[in-house]
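Since the model is a prediction, treat every value here as computed from it, not as a measurement.
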Amino acid sequence: MAAVTIVDLTHVRCSQYDICVKQRISKFCALTGNGSQEPVFFIADPEGSVGTDRFPSSSIQEMFIGFGKSPQVLCKSSLSAALYLFKQTIDKEDISNVKIVTSSRGRGLFQVYQELLFTSAYNFEYSILFDNLSCDCCPLGQCTDRSSTQEDDAKRELSTFLQHLPALKGDITILRSSLISDCFGHGYSTRTGGISYISTLSSLNLFCNPRRKDSRAVVAENLRRLGLQAGFHPQKFNLIKCNHASDVWVMGKPAPDSYDGMVTNQVGVVIAAPGADCMPLLFTDPVAKVIGVAHAGWKGTLMGIAMATVNAMVSEFGSRPSDIVCVIGPSVGPCCFTMEQDSAREFHAIHPDCVRHMDSSRPYVDIRLATRILLERGGIKPEHIEDLRIPHQSDSTLCTSCLPELFFSHVRDGLNFGTQIGFLWIK
């Protein structure tokens, strides 16, 4: 399996910096021999001499003549910038195995960045090679004994770096419903205006899945940018912990391990439901000042997550179904969503119009219509239910699979898909 090596030339503070760096490179070359064909990256301190006239990058490359591939030297404005460029480079080549040659102190700092900037989709191995180096002007160990950056400092540095990255695919676009009262803040995100660069996650991905390659630091920056545009603070943001079921968390009570619905009457608390073909549902009660959100895929729809959310608003906060407004956010449409016949029959049982071509091996299913029907049966007024549309296109259906310029889609993009959200708060 393809792999890549990082050689750590940071954490060197010495009047003979170039000698110390050469010691590290020589020790690494002695370790690897001349048969390695794996890509090698040297990451250097911005305040050091690597990449300058004193120690040009070509000097490192000359030391590698006969040692397989020529190394790349990353000497950026910060370690965050260097590692971000490194990640972009290996993602382009679809490489996920990383070996880092460093010191004990360096390992601690790189592990902080590993947690912030990478996910479990990457495999890291550390080789401690630089703990006992010295040069003529330094006592043993001083060359590698620079104090490690604290975790908070690393987080701050990375956050500042990410904040200065340009937005991709245009500006942030938020879709809103005219049905929701002005006493609530709300919206649905689209995929533009974030910094995620992997094609199926680009660019405003709002969920960090450890099996995918968008890190939590990048997702946090995307959320920060969305919050600035929408008017909420990320520290008050709460995202549903999906399990494709019908559990609902009443905020203020102990939270279950997973839940696909969430309700509250707390002012200023932002609640959100994810979607990437599944429906993000927003519920508002302008009379009782209660809100709810739900994540409704086909399983959750059949298990009744929409009405479970309504029932929690009623039982916990005194809402009346006739006062509740529901907006059905972007999801896969019946044009693109097919199911096995056995599952499709369950939607057919809700209403025959929910299924097209029932006799085919994979009928087309309309989960949006099924949700509307179930809500109406539960007492929500038909005029209080809205299928979200693109502004000025009243006949449009927001099929996530059909609109790659606007939305992420599991059906269209496969397992490495991004996530948009519907969000809501009481002003």
Side-chain angles (χ1 to χ4, degrees), residues 80 83-88 90-92 94-96 98 110-124 151-152 154-163 165 167-169 172 188-230 232-244 249 255 257-260 262 270-278 280 293 295 297 329-330 400 407-410 413-423:
S80 295
L83 287 173
Y84 190 80
L85 177 59
F86 167 77
K87 183 177 183 296
Q88 286 181 305
I90 65 172
D91 285 342
K92 185 177 180 180
D94 198 24
I95 296 173
S96 57
V98 180
F110 274 93
Q111 286 175 333
V112 171
Y113 281 97
Q114 176 188 338
E115 181 180 344
L116 293 172
L117 201 51
F118 297 84
T119 68
S120 300
Y122 302 85
N123 301 307
F124 280 80
E151 183 174 351
D152 288 346
K155 288 179 180 179
R156 209 161 23 243
E157 179 195 273
L158 179 58
S159 177
T160 299
F161 169 75
L162 295 177
Q163 286 179 27
L165 291 177
L168 303 176
K169 294 184 179 290
I172 289 177
Y188 287 92
S189 68
T190 63
R191 68 180 300 171
T192 61
I195 62 170
S196 303
Y197 58 80
I198 295 173
S199 60
T200 56
L201 302 173
S202 181
S203 65
L204 194 70
N205 173 41
L206 293 168
F207 181 69
C208 176
N209 185 314
R211 297 187 299 276
R212 300 174 201 141
K213 293 189 172 182
D214 231 2
S215 70
R216 61 188 181 96
V218 167
V219 171
E221 172 58 17
N222 287 341
L223 180 63
R224 186 193 70 84
R225 296 185 183 204
L226 176 65
L228 283 176
Q229 183 77 10
F232 66 80
H233 197 287
Q235 289 185 345
K236 295 187 175 182
F237 180 83
N238 300 270
L239 185 66
I240 279 174
K241 296 180 179 180
C242 304
N243 192 34
H244 296 274
W249 178 33
D257 292 336
S258 62
Y259 45 91
D260 286 82
M262 187 164 29
V270 183
I271 58 177
D277 294 331
C278 298
V293 296
H295 161 264
T400 47
F407 302 116
F408 302 108
S409 170
H410 181 196
D413 298 331
L415 293 177
N416 197 34
F417 59 90
T419 300
Q420 53 260 340
I421 64 170
F423 56 91

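- Nearest approach of Y188 to G422, heavy atoms of both residues: CD2-CA, 3.5 Å.
- The CZ atom of F110 lies 9.5 Å from the CZ atom of F118; values are rounded to the nearest 0.5 Å.
- For the salt bridge (Lys or Arg N to Asp or Glu O under 4.0 Å) condition, no pair includes a residue of residues 191-201, sequence neighbours left out.
- Between Q420 and T400 there is a side-chain heavy-atom pair separated by less than 4.5 Å.
- Contact of the K241 side chain with the D260 side chain is not registered, since no non-hydrogen atoms from C-beta on lie closer than 4.5 Å.
- Annotation: the span from N222 atom CG to L204 atom CG amounts to 5.0 Å, rounded to 0.5 Å.
- Taking each heavy atom of H244 and C278 in turn, the nearest pair found is CE1-SG, 3.8 Å.
- The closest donor-acceptor contact from the side chain of T119 to the backbone of R212 lies under 3.5 Å.
- With a 4.5 Å cut-off on side-chain heavy atoms, F207 and P274 do not count as touching.
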I271 and F423: CA distance, side-chain angles, deciding distance, side-chain contact (heavy atoms from CB on, under 4.5 Å) verdict: CA-CA 6 Å; I271 58 177; F423 56 91; over 6 Å; no

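- To the nearest 0.5 Å, atoms CG (L239) and CG (L206) are separated by 8.5 Å.
- Atom SG in C208 sits 10.0 Å away from atom CG in L201 (nearest 0.5 Å).
- Across every non-hydrogen atom of P234 and L223, the tightest pair is CB-CD2, 4.2 Å.
- Side-chain atoms of E157 come within 3.5 Å of backbone N or O of S80 as a donor-acceptor pair.
- Shown here for D277 and S409, the closest heavy-atom pair between the two residues is OD1-OG, 2.9 Å.
- For Q88, the side-chain hydrogen bond (donor to acceptor under 3.5 Å, both in side chains) criterion is met by no residue, not counting sequence neighbours.
- Rounding to the nearest 0.5 Å places CD of Q111 at 12.0 Å from CG of L116.
- In this structure the side chain of V219 reaches within 4.5 angstrom of the side chain of N205, judged on heavy atoms.
- When the side-chain contact (heavy atoms from CB on, under 4.5 Å) test is applied to S203, the partners found at least two apart in sequence or on another chain are L168, K169.
- Checked against side-chain contact (heavy atoms from CB on, under 4.5 Å), A220 has no partners two or more places apart in sequence or in another chain.
- Ring geometry for Y84 against F161 counts as perpendicular: the plane angle is over 60°, on a 0 to 90° scale with 30° as the lower cut.
- Residues L226 and I421 have side chains in contact (heavy-atom distance under 4.5 Å, counting atoms from C-beta outward).
- In terms of the side-chain contact (heavy atoms from CB on, under 4.5 Å) criterion, residue partners of D91 (sequence neighbours excluded) are, by chain and number, K87, Y122, Y197, I198, K213.
- Separation of atoms NE2 (H233) and CG (L228) is listed at 8.5 Å; rounding is to 0.5 Å.
- Listed for the D94 side chain is no donor-acceptor partner under 3.5 Å among the backbone atoms of K92.
- By the side-chain contact (heavy atoms from CB on, under 4.5 Å) test, E221 pairs with L162, Q163, I195, R224, R225, sequence neighbours left out.
- Using modelled atom types, no side-chain atom of S258 and backbone atom of C242 make a donor-acceptor pair closer than 3.5 Å.
- The shortest non-hydrogen separation linking F408 to T200 is CD2-O, 3.4 Å.
- When every heavy atom of A255 is checked against every heavy atom of Y259, the shortest pair comes out as CB-CE2, 4.4 Å.
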